[in-house]
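Dropping a structure here in structure tokens format, bear with me for questions.
First the proteins, then the strands, lettered A, B, ... as listed; each starts at 1.
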Number of protein chains: 2
Amino acid sequence: MKINVQSDLQHLAQDAFSAGGALAGIGSLAKETLGDRVYGELRALLMAGKLAPGEKLSLRKVAEAIDVSMMPVREAVNRLAADGALEVLPGRAVRVPIMSLGQFHELTRIRLVLEGFAAEEAARNASEADIVAMAEAEHVFRAAAEADPPKSTEAVTANHQLHATLYRAAGMPTLFEMIERLWLRAGPVINLDMRNDVERLKGGSAVQAHAALLAALRVRDGAGARRAIEADISAAAAHIARTGGLADD
Amino acid sequence: MKINVQSDLQHLAQDAFSAGGALAGIGSLAKETLGDRVYGELRALLMAGKLAPGEKLSLRKVAEAIDVSMMPVREAVNRLAADGALEVLPGRAVRVPIMSLGQFHELTRIRLVLEGFAAEEAARNASEADIVAMAEAEHVFRAAAEADPPKSTEAVTANHQLHATLYRAAGMPTLFEMIERLWLRAGPVINLDMRNDVERLKGGSAVQAHAALLAALRVRDGAGARRAIEADISAAAAHIARTGGLADD
DNA sequence: GCACTCTAACTGTGATCACAGATCACGACA
DNA sequence: TGTCGTGATCTGTGATCACAGTTAGAGTGC
């Protein structure tokens, strides 16, 4: 497991090198620090579920894997810990938090409120370009989910892109950040599940919810968009609560 | 201004020394790091509105003021920046974020959703002890607000305690943390306003909302509790939007 | 063969130093 | 007197070292 982590980190380090160059051109003109880069890489790893709950990280190992000193890693880990995406135990150890069933339920209820609100706002404010982008993401997601065998990684990415585009379209940056933070917490659980249980993708509840969402958005039906998102979240959460192997606590 | 900040920091450093000792006995048995202590002090400063929006901080000055090295301050500032409570500008500067009117409106809308939800949950789950604690906080708040001259600092503290007790009573720790983070962002604006415009306290809209809240809680009226909190937030936000001196952007 | 002890390696935390970029005040020139 | 340049100072970032506490594994005793 540790070995997998390191290989993942090295892999992402290379990706981030090129991706960083691309982002430097597109994104903010402000030069990003090394700490920002490490933060982004660890964040992507967590969001994609590449780091399993309970998995321990070592600042030195991570630093060596992506070829920087310990300092930027410390900064990144501290920020992720502030986000609740990592946990720094008093006993000199940092790990991916282990979520209990109760915590997962709470997270789901908050997601219903916050993402439902964002969906309703997005129905009012989304541009045509936003809706087109979401339709494309939905198309990619469905293709990946219905492939045989399902392309789980692509499905996870497309699913996130679909949701992120929706929430960004609400036009409330702070709300978007808060939701992203929730996804960061849920990522290890949700995506680990999606990858381990690809059959769920073929069930179609997600595809169905996404279709209903797009239909609602096209007629600016805020309540309908909220219902669609709530159905999507609830279905996924119910499945994970059953099979996610969460601690009883 | 800078001088005030430093004196505030030194003041809090002394307070935190004794408070830390008390907390060590009451709170988590895990020994807190220096970084945690600095984080708590800066957080308290921000929450109380002692640091004005736009005010610049210096890692070295803060470190010297509370007599630690730069490292714990770096960690604390990074965590606060992740919370959105501080801002690290690319151009080697860290400051309290300046909130625009639009950002404040967004923050208020999110607060209405999140704190309204928490109030509704609290109405279901609050214990008698919780309600008693809130009644006491309300009493302290009213006394401080109606005194002549109004004791603004005490009022701010009591107000926060009242709300915090309510949200904690919802029994959703993650939700509570998210709300606290919102307060941390709004703190510099809200409390700076409360201190500068103590007359608002005498207006009674807050006192009125608090009374309605307690009445609703006592009969487990979730919808009523939500309405009371929404009224409290809306009234305060409307006042600040008028007189808070927020940037137009 | 099993349990225990002790040590060596490893952990995050904190301090200190080096460095490049930003800032600001002082001084020179027009 | 006004404006521009310039260098001393201060900024956050990153690296390196020291340290105490934890952990895991090898060795020893039963």
Check: Lys61(A) side chain N/O closer than 4.0 Å to the phosphate oxygens (OP1, OP2) of dT11(C)?
Finding: yes
Check: Quick one: salt bridge (Lys or Arg N to Asp or Glu O under 4.0 Å) pairs with a partner in residues 66-77 of chain A, sequence neighbours left out?
Finding: Glu75(A)-Arg79(A)
Next item on the list: Can you check each nucleotide of nucleotides 13-20 of chain D against protein heavy atoms at under 4.0 Å and return B for base, S for sugar-phosphate only, - for none, in 5' to 3' order?
Entry: BBB--B-B
Notebook entry, point to check: What is the distance, rounded to the nearest whole Å, between atom CD of Glu87(A) and atom C1' of dT11(C)?
Noted result: 16 Å
Margin query: Going by the rule side chain to side chain contact (heavy atoms under 4.5 Å, CB included), which residues pair with Leu89(A) if we only count those two or more places apart in sequence or in a different chain?
Written below: Glu87(A), Ala93(A), Arg95(A)
Margin query: Once you apply a heavy-atom cut-off of 4.0 Å, does Val94(B) come out as touching a base, just sugar-phosphate, or nothing?
Written below: sugar-phosphate
Next item on the list: Go through the steps to decide whether Glu115(A) and Asp232(A) satisfy the test side-chain contact (heavy atoms from CB on, under 4.5 Å), and finish with yes or no.
Entry: CA-CA 11 Å; Glu115(A) 299 183 31; Asp232(A) 192 19; over 6 Å; no
Next item on the list: May I ask you to test the Val73(A)-Leu57(A) pair for a side-chain heavy-atom distance under 4.5 Å?
Entry: no
Next item on the list: Given side-chain contact (heavy atoms from CB on, under 4.5 Å), test Met178(A) with Met172(A) step by step and report yes or no.
Entry: CA-CA 10 Å; Met178(A) 292 178 70; Met172(A) 299 178 69; over 6 Å; no
Next item on the list: Rounded off to whole Å, could you give me the CD-to-C1' distance for the Glu64(A) and dC10(C) pair?
Entry: 13 Å
Margin query: Assess, by modelled atom type and distance only, whether the side chains of Tyr39(A) and Asp83(A) contain a donor and an acceptor separated by less than 3.5 Å.
Written below: yes
Next item on the list: Write down the distance between CG (Leu86(A)) and C1' (dT11(C)), rounded to a whole number of angstrom.
Entry: 16 Å
